[in-house]
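Heads up: the structure comes next, in structure tokens.
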Amino acid sequence: MARIIKSIEEKYLVPALELVETVFTQHSDVEEGKLVRALVEEIRSKRFYLPELELVMVESDTDEVIGYVNFARFHLDGKYEDVLLLLSPVAVKTQLQRQHISKELIEYGFEKARALGYKAVIVEGNPQNYRSRGFVTSTDYGITAHESVGLPAPECLMVKELVAGGLAGIQGQVCYSDYECLR
């Protein structure tokens, strides 16, 4: 059974939302599932949205969405949105986790983002999930979380250069004020 990574298509819009909501509900609770689904819907409605970097993995025989990642343009203090991306969210069907699906989706996204001229990616999450993908603590580059972000620890905000020196001269505060559902 082959698995295929694709940029989002009309037929996957709702199944991707359903996957995200289900995975985050199972991992956390119903409220978290609804919040992350709302985040995806909001990202899709904003000027930061890049359909070519909203990715799904599907089973080739059933066309079922089993994995999802979204890379959207992001700015720090109103700057860098032409070179900086936010990776959020990442979801893999619960029964299929630990099969490198998220790894494949994220790596594919890095390649596409590089080809589109993006230089770096920011992610918020568990460092254990992202260190192996090359992410490092963002404060190492002068990128910090605004107090409104409410990180459990500074290490939970990470960055990755897509090209050598991609974060040179980029610094500022991560703030999600552009997103209603995260306020």
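Numbering of residues begins at 1 and proceeds along the displayed sequence.
- Sorted by first then second residue, the ring-ring contact (aromatic ring centres under 6.0 Å, His included) pairs that include residues 49-73, not counting sequence neighbours, number zero.
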- Under the side-chain contact (heavy atoms from CB on, under 4.5 Å) rule, what do V149 and L157 come out as? Steps first, then yes or no, please. CA-CA 10 Å; V149 173; L157 187 63; over 6 Å; no

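- Side-chain contact check for R133 versus V123: every heavy-atom pair is 4.5 Å or farther apart.
- A pairwise comparison of heavy atoms in M57 and I5 identifies CE-CG1, 3.7 Å as the closest pair.
- Within the 4.5 Å cutoff, the side chain of E32 has no heavy atoms near those of the H27 side chain.
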What donor-acceptor contacts under 3.5 angstrom involve side-chain atoms of residues 14-21, with partners at least two apart or in another chain?
residue	atom	partner	partner atom	Å
E21	OE1	R37	NH1	2.9

For residues 84-96, tabulate all N or O donor-acceptor pairs below 3.5 Å that involve a side-chain atom, not counting sequence neighbours.
residue	atom	partner	partner atom	Å
K93	NZ	E64	OE2	2.6
T94	OG1	Q26	OE1	2.3

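- Smallest separation of non-hydrogen atoms from G67 and L105: C-CD1, 3.5 Å.
- The heavy-atom pair separating Q173 from D77 by the smallest distance is N-OD2, 3.3 Å.
- Here the shortest heavy-atom pairing between Q128 and N126 reads N-OD1, 2.9 Å.
- Linking Ile, Leu, Val, Met, Phe, Trp and Tyr whenever their side-chain heavy atoms come within less than 4.5 Å puts L50 and I106 in one cluster.
- The pair R3-E104 does not count as a salt bridge, with every side-chain nitrogen at least 4.0 angstrom from each carboxylate oxygen.
- Heavy-atom minimum distance, H146 versus C175: CB-CB, 4.0 Å.
- Both F48 and I43 belong to a common hydrophobic cluster when Ile, Leu, Val, Met, Phe, Trp and Tyr are linked at side-chain heavy-atom distances under 4.5 angstrom.
- Two residues are said to be in side-chain contact when any heavy atoms from C-beta on lie closer than 4.5 Å; L167 and I143 meet this criterion.
- The cationic atom of K160 (NZ for Lys, CZ for Arg) lies less than 6.0 Å from the six-membered ring centre of F110 and within 45° of the ring axis.
- A salt bridge is defined here as a Lys NZ or Arg NE, NH1 or NH2 lying under 4.0 Å from an Asp or Glu carboxylate O, and E107 with K103 fails to meet this definition.
- Sparse packing is recorded around NZ of K34, with 12 or fewer heavy atoms of other residues, nucleotides or ligands lying under 6.0 Å away.
- Here the closest non-hydrogen pair linking D178 and E42 is O-OE2, 3.7 Å.
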